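Below you'll find the structure, written out as structure tokens, and then a few comments.
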2 protein chains.
Amino acid sequence: MISSIAELISDRIGTMPAGERRAAQTLIASYPLIGLKTVAEFSAAAGVSSPTILRFVARLGFQNYPEFQSALQDELAAQLQSPASRALNPPSPNGGAASPMLEATLDNLRETFRHLSDKQLADIVAKLADRRGKTFLIGGRFTDPLARYMAAHLAIVQPNVFHLAGQESVWRDRLIDMGKRDVLVIFDIRRYQDSLVRLAETAHQRGVQIVLFTDQWLSPIARFARHVIAGRTAVPSAWDSSAALFVVAETLIGAVTRQLEADGAKRIRELESLR
Amino acid sequence: MISSIAELISDRIGTMPAGERRAAQTLIASYPLIGLKTVAEFSAAAGVSSPTILRFVARLGFQNYPEFQSALQDELAAQLQSPASRALNPPSPNGGAASPMLEATLDNLRETFRHLSDKQLADIVAKLADRRGKTFLIGGRFTDPLARYMAAHLAIVQPNVFHLAGQESVWRDRLIDMGKRDVLVIFDIRRYQDSLVRLAETAHQRGVQIVLFTDQWLSPIARFARHVIAGRTAVPSAWDSSAALFVVAETLIGAVTRQLEADGAKRIRELESLR
DNA sequence: GGAGCGCTGTATCGTATGTTACGTATTTTG
DNA sequence: CAAAATACGTAACATACGATACAGCGCTCC
């Protein structure tokens with residue numbers, strides 16, 4: 001079974017004429033980057049002419065050069081999705097059925113945070129900790145519990161935190177309460193829910209800042225969002241995983257709490273004396 | 001010091017207009033692959049027009065689109081050269097407040113699963129997938145969302161799954177419905193809630209099997225529980241983390257679904273035909 | 001409420017890119 | 001050794017890609 005293009009090449013390199021073999025070797029040498037550049041650059045690097053490059057990719061079975069490049073990109077995508085950790089990590093000490101799930105989740109967490117900058121988090125924290133506005137939270141069919149989880153914590157450290165529960169018609173009416181200073185935190189992963197998109201659109205029109213938790217394919221709500229957190233959701237299961245978004249939510253909860261403490265919010269002091 | 005383009009983007013994303021910000025978010029979400037494709041594909045993925053993409057790369061300081069792509073490719077090249085360094089990267093590339101939280105969570109996950117035997121998981125899965133009994137789920141102040149999350153999934157793959165919501169007096173009455181064949185899944189971490197303990201005790205007396213998700217110090221409910229899942233909760237935050245329990249829950253959800261598929265449950269087949 | 005500014009998309013343009021045809025060189029085979 | 005077949009590069013071509021000019025729109029600030 002030949003899975004990668006590199007294998008395909010080494011499989012057929014024996015049957016190639018001299019020029020094409022040089023192309024193959026050049027590509028393998030700095031795989032796969034040369035293949036992503038233009039035919040002219042590739043041919044120059046290999047020291048052959050451009051038609052030779054094209055004949056080379058044709059021999060590999062591709063209809064044209066762009067198709068070849070797309071294949072390389074897809075390969076790269078797959079490689080980047082599941083980072084090297086899988087190759088490094090010792091064959092899991094706990095070899096059972098749980099382990100692939102755990103490994104995938106660990107990867108998802110690392111990848112999610114790798115794509116998340118401190119600045120972005122800091123911006124969101126600043127907005128959430130801004131006590132001048134209200135905070136609303138809502139999620140989709142499977143992610144609404146995450147909205148509840150976040151709301152449960154935030155509502156303790158600051159006032160004016162509301163989880164939008166119940167039927168669509170109910171929380172749509174809450175739009176009246178939302179204005180420019182307010183934040184709407186939405187959790188929405190595939191399959192994206194129309195009702196949430198409509199909510200987001202209306203809220204956006206009212207000037208509400210939207211913080212969106214979504215998956216890496218980005219909910220259409222990203223269009224209206226001020227801040228987008230894209231979490232990895234792929235796991236070996238029939239369901240997508242929201243674990244990465246959950247951990248980001250916990251991180252934000254912690255950071256907002258710390259921020260409010262730093263601000264010396266009276267509420268925090270009162271809370272501590274209550275305990 | 002700004003080294004990667006991703007950093008550059010998150011640094012300036014705050015100063016960008018809406019359209020360009022969408023471009024930035026799209027790129028970050030599946031970094032850096034979209035940026036290697038054509039302007040047209042990039043713009044389509046981001047849901048903006050091509051000129052917006054070009055303005056976006058111009059704002060990042062690139063003279064033209066090809067130059068931007070070259071920069072991305074160079075970055076990729078450096079990354080692919082030393083794949084190990086990226087996965088390990090102890091001096092976190094993202095050294096701020098988020099990282100300790102992430103590290104602690106990763107540790108918690110690993111530790112939690114290390115203390116979790118396959119057999120234990122298998123037993124719980126078998127019980128949850130047993131269609132002869134009903135499944136009830138409930139959680140505490142902060143963990144009830146986890147119960148909801150689990151219920152939302154389980155209720156799809158099998159009938160008779162109920163989340164106990166609302167006031168204590170309400171769900172206490174549901175005890176009447178519970179019998180020997182039924183399962184009660186309880187989430188309870190510090191500070192343990194008396195109301196849940198009382199519920200667990202009564203349910204236990206009625207012969208209900210209890211599956212308890214708790215922290216490493218074990219809720220008093222452990223005394224009545226048939227199965228206990230102890231998750232690590234310590235993180236550098238004012239709050240405890242439920243992430244480990246969340247991931248165990250997702251693992252169980254996936255395993256139960258797989259089990260039911262293996263059992264050839266009619267419901268699963270019907271579900272698939274519905275989609 | 002009105003004027004100005006900035007952002008965004010549509011449509012057009014020039015060009016760099018991939019593609020192909022053809023002629024020459026090189027190798028292979030009878 | 002000759003003749004044919006294969007391989008390779010040059011050059012012309014067409015397409016699709018990135019770039020730009022312009023107009024419409026919404027927003028902010030007087």
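Worth saying up front: this structure is predicted, and the values here are computed from it rather than measured. Convention: sequence-line order gives letters A, B, ...; per-chain numbering from 1.
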ask   = Can you check the B:Phe56 CZ to C:dG9 P distance for me, whole Å?
value = 14 Å

inquiry  = Would you say A:His115 and A:Arg232 are linked by a side-chain donor-acceptor pair, where the criterion is simply a distance under 3.5 Å?
reply    = yes

Rounded distance in Å - CZ (B:Arg59) to P (C:dG6) = 12 Å

ask   = Under 6.0 Å from the CD atom of A:Gln167, do we count more than 12 heavy atoms belonging to anything else shown?
value = no

task = Answer with yes or no whether the side chains of B:Ser241 and A:Glu250 bring together a donor and an acceptor at under 3.5 Å.
result = yes

ask   = Have B:Tyr31 and B:Glu75 got a donor and an acceptor in their side chains that come within less than 3.5 Å?
value = yes

query = Taking protein heavy atoms under 4.0 Å as touching, what does nucleotides 18-23 of chain C look like 5' to 3' if B marks base contact, S marks sugar-phosphate-only contact and - marks none?
reply = SBB---

task = Is it possible for you to check whether A:Arg174 lies under 6.0 Å from the centre of the six-membered ring of A:Phe136, through NZ or CZ, and within 45° of that ring's axis?
result = no

inquiry  = Are B:Tyr149 and A:Phe142, when compared by the centres of their aromatic rings, separated by less than 6.0 Å?
reply    = no

key: Within 6.0 Å of CZ in B:Arg148, more than 12 heavy atoms from elsewhere   = yes

request  = Please report the C-alpha distance between A:Glu168 and A:Arg198 in whole Å, then the side-chain angles of each, then the deciding distance to 0.1 Å, and finally whether the salt bridge (charged side-chain N to carboxylate O under 4.0 Å, His left out) criterion is met.
outcome  = CA-CA 10 Å; A:Glu168 180 177 356; A:Arg198 287 194 296 272; 3.0 Å; yes

remark   = First and last nt of DNA chain D near chain A, cut-off under 4.0 Å to heavy atoms, 5' to 3', are D:dA7 to D:dT10

